[in-house]
Enquirer: 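Let me begin by handing over the structure; questions about it come next.
Below, read A as the first sequence line, B as the second, and so on, with proteins coming before strands; counting in each chain starts at 1.
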There are 2 protein chains.
Amino acid sequence: MPVTLKDISQRVGKSVPTVSRALAGFEDISPQTRELVQRVAAEMGYEPNITARNLQKQRTDTLALILPSANTLRFSDPFFSEFLSGIVEYIAQFGYDLNISTTDSEDELETYLRHLRSRRFDGFIVVRTKLQDARIDLLREHGVPFVAFGQTEANNDFHLVDEDGRYGVRQVVDHLVELGHTRLACIAEPTNLTKSHHRVQGFIDGLTAHNLPVDPNLIIETNFRQRSGRQAAKLLLELPEPPTALVACNDLLALGAMGAVQDHGLTVGKDISITGFDDILLSEYAHPPLTTVHQPASDMGSKVAEMLLNLIDGKPNEEKQVIIKPSLIIRQSTSAPSKGGEAP
Amino acid sequence: MPVTLKDISQRVGKSVPTVSRALAGFEDISPQTRELVQRVAAEMGYEPNITARNLQKQRTDTLALILPSANTLRFSDPFFSEFLSGIVEYIAQFGYDLNISTTDSEDELETYLRHLRSRRFDGFIVVRTKLQDARIDLLREHGVPFVAFGQTEANNDFHLVDEDGRYGVRQVVDHLVELGHTRLACIAEPTNLTKSHHRVQGFIDGLTAHNLPVDPNLIIETNFRQRSGRQAAKLLLELPEPPTALVACNDLLALGAMGAVQDHGLTVGKDISITGFDDILLSEYAHPPLTTVHQPASDMGSKVAEMLLNLIDGKPNEEKQVIIKPSLIIRQSTSAPSKGGEAP
DNA sequence: AATGTAATCTAAAACGTTTTAGACGTCAAG
DNA sequence: CTTGACGTCTAAAACGTTTTAGATTACATT
């Protein structure tokens, strides 16, 4: 049913390669032929069979992004959606598509291996890097173009884009200390993720810089979503000497924490300060609006995409590693401690 | 570099088709050969070249979802993310991938045409249906498998999944009238979208059923995001006789409206009631938590995917049209009107 | 010894494109 | 009149797989 080069070739009485070359605008085709072929192709509604072209060209114009599935699916995270959106918008300009698939964390490596051996993708985008990340080792070994969103613990000798989470949280701590807080707690995502690790580092940095003690009981490692934030905050509030400020490592955790604080009959932004990270839409509309750290999610997505396309085309990238400094957004969930806060 | 059937064939001393058939487990291959081939293939790390297979099989195991781009990108809408996530999770089980691309609304039809002629996708998912939807006509004409998320105005003779938005908003209106409201306003998305149209219909249904007048000035058609909600609410509040309840047609609009109400020095859930639609994460954490209509976004995604895969495989679908009834979630953004509400 | 049958395998073609290498005719220069 | 160069085109091969149709061998039946 669909029109092929052969159909055109028969119609214009030229060989298939001639038609192909005419459409591609090669110089060794006479202007008349070229014109004829292009006219007929348009008339017949010819559209190249991408699969056949891919097979011949050994490239697919498709990028892969493999998500850890189900339990901790990041898809519904607003920050991540924005990031994705940045990628899709950017690559669309160059005729690339994004292919999204999922995998259980147990089969993660196999999935990557399968996908890269299947030669179905020109490049990979790795999200949510871990301190030790076998996926990156794998892609590197195989020499496949990829760009990571996030770093690993060491040997970051690959193309990546990252936030400076350490700096971001440090800003938060500075802000809180300036307000007069001396007893801060941190609610962290799983710290095998580099991102999370950095954020916690920023927290510790901040305390140390202000000569405040780092109390391990005030750093709770938990999960990603509100529920975890709520639970963590509950624990913290029930301590004999509860903190006056909660530094949550993402906005969802902060929201959960806000719920727990309200359950305790306290008022966020007055009795206790809470901060988030990411500046998702929600944080502006929370009650009270959340002091948080803003990241240009969509831009980071575009940047990752840009670097990856360069890599695929063998073009140089200005920088191999792009680290983006986030900015503190002060809203109403933070204020001076109301009582019991020991001045430094 | 990557291993092909030919490599295996040379290694085991059998022809390429034999290797292919052995791996596929055909009966006309001796058990010994089959075993040998499979062992060697595993040893060599063989993974089929999907592109080559696709070309031969004339299918791609890939579904397409084309998003209207930029200006009104739905990607970052939490509801839509959930929906997507439902699709991806479902099709992953059957080895399908989802390909996401974008298009400007002017080239929308061309993009569809190009994609379907390129034979790169086994089926299409159409989102955000319009009352008159040329995309659907196009896909139908070409006999391409597709499932729509949403209906059109007439002749819905295709596979689709939809919410019953009319019913959903009707529930909202009933709830508000029960509380004693008699002057309700509606903040709508662009009503060329079927979804939006239905929701407004539900609003009108409700008023009519309770013998309340339908005042066109109290139905504002606007856009999708908070900003639009805010503007619309502002207009409504400045009316000589402002409404006591605002029925927003999605949660983001409701949030915007809440902002406008607060700007006016009024308290949401006390001085004025506000409702949303979709029950995105945000709505639970808004201030005050938003009364809204819940939809199983992820399930709807799975359902669309399920129907589409059936369609592609020529399997029958139980129902051609699945309409899902949403449910009202009452939170604290609605209450009896404080003053001036004329009892019916 | 011819015939039929089953088991196992493979040659050839196909999917639709692009690339490579070279064919063919025309024309100008020697 | 030959040689070389140019302009235009195409045959053949390639990408890696699967399908089709048939070949080959071994074995049992008559």
Side-chain angles (χ1 to χ4, degrees), chain A residues 1-38 40-42 44-62 95 114-122, chain B residues 1-38 40-42 44-62 95 114-122:
Chain A
M1 193 65 201
V3 183
T4 70
L5 286 184
K6 202 169 155 195
D7 299 328
I8 303 178
S9 133
Q10 285 165 356
R11 181 89 150 253
V12 302
K14 304 276 173 186
S15 74
V16 167
T18 299
V19 173
S20 170
R21 299 179 74 77
L23 288 173
F26 276 69
E27 285 301 324
D28 63 353
I29 304 292
S30 77
Q32 304 93 290
T33 310
R34 179 160 44 228
E35 223 167 278
L36 173 67
V37 167
Q38 287 177 351
V40 172
M44 299 177 77
Y46 171 75
E47 199 66 41
N49 180 320
I50 303 287
T51 308
R53 175 180 284 172
N54 288 346
L55 178 59
Q56 156 66 30
K57 292 220 159 176
Q58 296 289 85
R59 56 182 295 168
T60 59
D61 292 349
T62 303
R114 197 156 37 77
H115 278 177
L116 68 85
R117 290 213 272 229
S118 77
R119 280 142 293 168
R120 191 164 26 166
F121 306 112
D122 292 344
Chain B
M1 193 67 200
V3 183
T4 69
L5 286 183
K6 201 168 155 197
D7 299 328
I8 303 177
S9 131
Q10 283 164 356
R11 180 89 150 253
V12 302
K14 303 277 172 184
S15 75
V16 167
T18 300
V19 172
S20 171
R21 299 179 74 79
L23 287 174
F26 276 68
E27 284 302 326
D28 63 353
I29 304 292
S30 77
Q32 304 94 287
T33 310
R34 176 158 48 226
E35 224 167 277
L36 173 67
V37 167
Q38 286 177 350
V40 171
M44 299 177 76
Y46 170 75
E47 200 67 40
N49 181 320
I50 302 288
T51 308
R53 175 179 287 172
N54 287 346
L55 178 58
Q56 157 66 30
K57 292 219 158 173
Q58 297 288 84
R59 56 181 294 168
T60 60
D61 291 348
T62 302
R114 197 156 37 78
H115 277 176
L116 68 82
R117 290 212 273 229
S118 78
R119 279 143 293 167
R120 191 163 30 166
F121 306 111
D122 293 344

Enquirer: Check the distance between dC9(C)'s P and Leu36(B)'s CG and give it to me in whole angstrom.
Expert: 10 Å

Enquirer: Of all the choices, dC15(C), dT18(D), dT19(C), which nucleotide is nearest to the side chain of Phe26(A) once you look at every atom?
Expert: dT19(C)

Enquirer: Are Tyr46(A) and Leu5(A) close enough that some pair of their side-chain heavy atoms sits under 4.5 Å apart?
Expert: yes

Enquirer: Give every pair of a protein N or O atom and an N or O atom of nucleotides 21-23 of chain D that lie under 3.5 Å apart, one pair per line with the distance.
Expert:
none

Enquirer: Tell me which residues in residues 7-17 of chain B lie within less than 4.0 Å of DNA chain D, going by non-hydrogen atoms.
Expert: Val16(B), Pro17(B)

Enquirer: What residues, two or more places apart in sequence or in another chain, satisfy side-chain hydrogen bond (donor to acceptor under 3.5 Å, both in side chains) together with Arg114(A)?
Expert: none

Enquirer: Take the protein atom CG of Leu5(A) and the nucleotide atom P of dA14(D), then report the distance between them rounded to whole Å.
Expert: 20 Å

Enquirer: Short of 4.0 Å, heavy atom to strand atom, which residues of residues 45-56 of chain B count as contacting DNA chain D?
Expert: Tyr46(B), Pro48(B), Asn49(B), Ala52(B), Arg53(B), Gln56(B)

Enquirer: Is any side-chain nitrogen or oxygen of Thr33(A) closer than 4.0 Å to OP1 or OP2 of dT8(D)?
Expert: no

Enquirer: Base, sugar-phosphate, or nothing: which does Ser20(B) touch, judged by heavy atoms less than 4.0 Å apart?
Expert: base

Enquirer: For residues 17-25 of chain A, which side-chain donor-acceptor pairs fall under 3.5 Å, sequence neighbours excluded?
Expert:
from: Thr18(A); atom 1: OG1; to: Ser15(A); atom 2: OG; distance (Å): 2.9
from: Arg21(A); atom 1: NE; to: Asp28(A); atom 2: OD1; distance (Å): 3.4
from: Arg21(A); atom 1: NE; to: Asp28(A); atom 2: OD2; distance (Å): 3.3
from: Arg21(A); atom 1: NH2; to: Asp28(A); atom 2: OD2; distance (Å): 3.3

Enquirer: May I ask you to say what Thr18(B) touches in the nucleic acid, namely base, sugar-phosphate or nothing, with a heavy-atom cut-off under 4.0 Å?
Expert: base

Enquirer: Please check this pair: side chain of Arg117(B) against backbone of Gly45(A), looking for a donor-acceptor N/O pair closer than 3.5 Å.
Expert: yes

Enquirer: Hey, does the side chain of Ser9(A) reach the backbone of Lys14(A) with a donor-acceptor pair shorter than 3.5 angstrom?
Expert: yes

Enquirer: Compute the bend angle of the helix from dA1(C)-dT30(D) to dG30(C)-dC1(D) from the end axes (five pairs per end), rounded to 10°.
Expert: 80°

Enquirer: Specify the separation, in whole Å, of atom NZ of Lys6(B) and atom P of dT10(C).
Expert: 16 Å

Enquirer: If you assign each of Val3(A) and Ser30(B) to its closest nucleotide in DNA chain C, which residue comes earlier from the 5' end?
Expert: Ser30(B)

